[in-house]
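Following: one structure in structure tokens, then a few remarks.
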Amino acid sequence: MSERYDHQAVEQRWQAAWEEQGIDQTKADPARPKWYALTMLPYPSGDLHAGHWYAMTPSDAAARFRRMQGYNVFFPVGFDAFGLPAENAAIKHNLHPKKWTYDNISRMRGQLRQMGAMWAWDHEVVTCDPDYYKWTQWFFLRLYEAGLAYREFAPVDWCPGCNTTLAREQVVGLDRLCERCDSPVVKKELNQWKFRITRYAEELLTELGALAWPERVKTMQTNWIGRSEGAEVVFSVQPTTDCPEGSTISVFTTRPDTLWGATFLVLAPEHPAVSALTPPSHRASVTAYTEAAQRLDERTRTATDKEKTGVFTGAFAVNPATNQSVPVWIADYVLMGYGTGAIMAVPGHDERDYEFAHKFSLPIVTVIEPPLGTTAPTGAYSSKTEGTLVASGPFTGTPVSEAIPRVAEWIEGQGFGKRTITYRLRDWLISRQRMWGTPIPMVYCARCGEVPVPYEALPVALPDDAAFKPTGESPLKYHPTFRHVSCPRCGNAAERETDTMDTFLCSSWYQYGYISPYWKKGEVIHRDDTPWDPAAFSYWAPVDQYTGGIEHATMHLLYTRFFSKALRDIGLYDFSEPMIRLVNQGMVLGPDNEKMSKSRGNVVNPDDYVRDYGADTVRGYLMFLGPWEQGGPWDPSAIEGISRFLHRTWRLVLEEVAAEPGSRAEGTTTDVGKADSLVERRMHQLIMRATDGLSDFRFNTVIAGFMEFANLLSRERGSVSGSVWRTACRTLLQLMAPIFPHITEELWHRHGEKGSIHRSQWPVADPEKAKEDTITIVIQVNGKLRGEISAAPGTPREQVEAAVRSHPAVGKWCDGKEIRKLIVIPDKLVNVVV
RNA sequence: GCCCAGGUGGCGGAACUGGUAGACGCGCUGGACUCAAAAUCCAGUUCUGGCAACAGAGUGAGAGUUCGAUUCUCUCCCUGGGCACCA
């Protein structure tokens, strides 16, 4: 009896050997094709959990597969190390977030090594290292120079009790209370930095088409960018005693064709024109409404099932098409951040406007008739393709489909509006009133205004001695030397920006940071430096295969695309998209099919399973539990299946080695020949299946294929010849190597192979040898399965038809009735219709 | 609420472009081995009726297209992800 599979000994031995041999170190080699495989970098939260294993080990398997296919593979790892949890921990335990973060990182490095992944540790980056974030600051300055960064007032959620800005997750419940002190949260306008991502809206949209990304992500980004074609229409405000000279209100509409039906205007409560418009008689109610609206979050405001609210401002405007006077209202379902912050309400043909008009008894006018024969709906008829304009001046009688562009053109010609395109996408607000982030390299000087920190003075470093008070307010504001500086331009006393950057900036360029980590470490940098090693960059960039959670579909994945385009436009390279291919994995859930969380008590600790079963088993289990893109529950008992499979494979391969090749070919010659061709055929089929499956991240069915083949081998072990057996085992090990790197390496060497299995050449299938010699053709009668026949592939239709007509099942089920039709799908099925 | 996914045996899932529903694994049942257990191996396992052969039903619900629908279309229900300061 041979030695049992001891996962601990095997995994320790090979992890040490690989490290010693430097097998996973990566070097640019222009003579070889490159493959940059990237997995979203982890946040160092403290412990590696099941989700990290689920995100990382399958992408490692895919990277290993590419390496065996002959690519020079780069598979780096690092840490997205700035963020809110470190500050929370700092306040709670009165320590510096840096200490908490780096302690977590060193712990997680050890856990990451247990995965047996082919990480390029020699390229690791940590985003909170000053030699990393000096480049984040350099990018900020270059974007600022390019006009892509600007400052304006924007609201934040503010806790008056803690005197600090709150993140969304710190605002609790529908009452919107502070999670620390339960004070009601208010909105506060702060002067903050933004990036002009909207300048790239069109390009971000159109270039999605060429990306090898999942359709679901492309759709989500398309909707997130939310391009709408329409028109801006200018309404003049009717002069009154309070508002003597006619000002104007510009509205955005996607339905300029309904202009004749616009019976009132609605402004966002925070619209800047509101206070000037509102006469004293209406001021109290308008102010009260505006204040109430600002307490609500956007999702509640725009919920279509929420009862509409609003107040009349007391002002009137003039519909430029009808010259009729229309009242001006404010309502919270109109948002300042979209379009112009004002709409023309067409209650006849817009559902929300209809509800509003209905509730407040405002006039509803029909300007579109549905097509004949269609019954008009009870509410607003809003089809964009069908119907005809009525009571619409020169356009009466025009079909809706033509009217939209024609009316827009007419509006432009009349001089009271213009055609425009708006996007739902908003500029990226990057200011954070927090300490543990990349400082924004700006100084405010009473004389010079906003002054960028000179490139040579980077990094603007975070102080190591900041005091954390339980108020949560950024300690940068109170630090004695950080805030008060001299102006880089005039030398007078000035103030440094104390806000830091959104951590999404750090992760918008890290894929380039990995290529030459901490480039120009410790050196003074200049505006015209390249932020990376140019030779290595031109070899490795961009990323060939990106993987990460679907939850990043719209934010991170849009930000990094924007960043890549902006860097292209400042002349750093000439490609446009950072990641050519993308695959998003789903989530591992707890055994109860719910999201893992401490409060639910369903958290699975992968370390325990690695200790009991080994990394290979955990890797294989995670890849077997379901389609990777879908995720699924971690079922603690199902892991036994993979464990058994690996033990069985161990015995299968080793027992052969102990015997003489060919020694079990004792049976008859015909048996050996039959078994050999069967095993060979299945082996070539398996190579095809594994190659396709690993290319497409369909690990679960690939593993099922391994099991089927191993089951076949153990069934046929007595009748197959030695050389076929040996090739079959060798091939199986190679195909399994990306998913199960340790056990396959061990068995590879015990099988007498030299060199690492991971540097061996991926098996190539011979499609001829994979072909079946007989196939089953299914017989259906009226779509129901009634029998089957065997035939050689490619049997002519006439022969198949004849065989089917004479088949006993057909006679029985047709029961003397006439055969109306015979549908023949070659090599698959015949359906008899009677 | 809006956008995007998903819903198949007791459980996780499989089924390439519309063509044998349930591969593979877990669990369960029976058997072999054992003093016994564990481990391992063999057989069975969608549901209903039947000793069986076999018949009928069946992929969240309802409709539709088709010779044929888990797959395509529409409506609805449920679950998950995202909704711009968690990362």
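Below, chains carry the letters A, B, ... as their sequence lines are ordered, and counting in each starts from 1. Keep in mind it's a predicted model, so treat the numbers as computed, not measured.
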Per nearest nucleotide of RNA chain B, the residue lying toward the 5' end, A:Thr304 or A:Ile703, is A:Thr304
5'-most contact on RNA chain B: A:Arg786 or A:Ile823, nearest heavy atom basis? A:Arg786
Report yes if a side-chain nitrogen or oxygen of [X] is closer than 4.0 Å to either non-bridging phosphate oxygen (OP1 or OP2) of [N]; otherwise report no.
X	N	answer
A:Lys308	B:rG1	no
A:Arg651	B:rC41	yes
A:Asn223	B:rG82	no
A:Arg301	B:rC83	no
A:Arg216	B:rG6	no
A:Asn700	B:rA14	yes
A:Lys812	B:rA55	yes
A:Arg299	B:rA84	yes

Which base sits across from [N] as a Watson-Crick or G-U pair, both distances under 3.5 Å?
N	result
B:rG68	none
B:rA53	none
B:rC35	none
B:rU79	B:rA5
B:rG30	B:rC42
B:rG25	B:rC11

Would you mind classifying the nucleic acid contact of [X] as base, sugar-phosphate or nothing, using non-hydrogen atoms under 4.0 angstrom?
X	answer
A:Leu625	sugar-phosphate
A:Met40	nothing
A:Val156	base
A:Lys595	sugar-phosphate
A:Asn711	sugar-phosphate
A:Trp428	nothing
A:His556	nothing
A:Leu84	sugar-phosphate

Go through A:Tyr133 and A:Phe82 one step at a time and tell me if the ring-ring contact (aromatic ring centres under 6.0 Å, His included) criterion holds. CA-CA 10 Å; A:Tyr133 70 68; A:Phe82 277 131; 5.6 Å; yes
Pair of N/O donor and acceptor under 3.5 Å linking [N] base with [X] side chain:
X	N	value
A:Gln192	B:rC85	yes
A:Asn831	B:rC67	yes
A:Glu298	B:rC83	no

I need the [atom1]-[atom2] distance between [X] and [N], as an integer number of Å.
X	N	atom1	atom2	answer
A:Gln221	B:rA5	CD	P	14 Å
A:Arg432	B:rA87	CZ	C1'	12 Å
A:Trp193	B:rC85	CH2	P	18 Å
A:Asp696	B:rC16	CG	C1'	11 Å

Against the six-membered ring of [Y], is [X] placed for a cation-pi contact (under 6.0 Å from the centre, within 45° of the normal)?
X	Y	value
A:Arg4	A:Trp650	no
A:Arg196	A:Tyr150	yes
A:Lys308	A:Tyr333	yes

Is the base of B:rG27 syn or anti, where syn means the angle lies within 90° of 0?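 That one's anti.
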Between [X] and [Y], is the ring centroid distance below 6.0 Å?
X	Y	value
A:Trp193	A:Phe140	yes
A:Trp509	A:Tyr132	yes
A:Tyr609	A:Trp634	yes

[X] side chain, from C-beta outward: closest of [options]:
X	options	result
A:His552	B:rA87, B:rC85, B:rU20	B:rA87
A:Arg424	B:rG19, B:rA84, B:rG56	B:rA84
A:Thr219	B:rC24, B:rC4, B:rA87	B:rC4

Can you tell me how far CG of A:Asn831 sits from CZ of A:Arg786, rounded to the nearest 0.5 angstrom? 11.0 Å
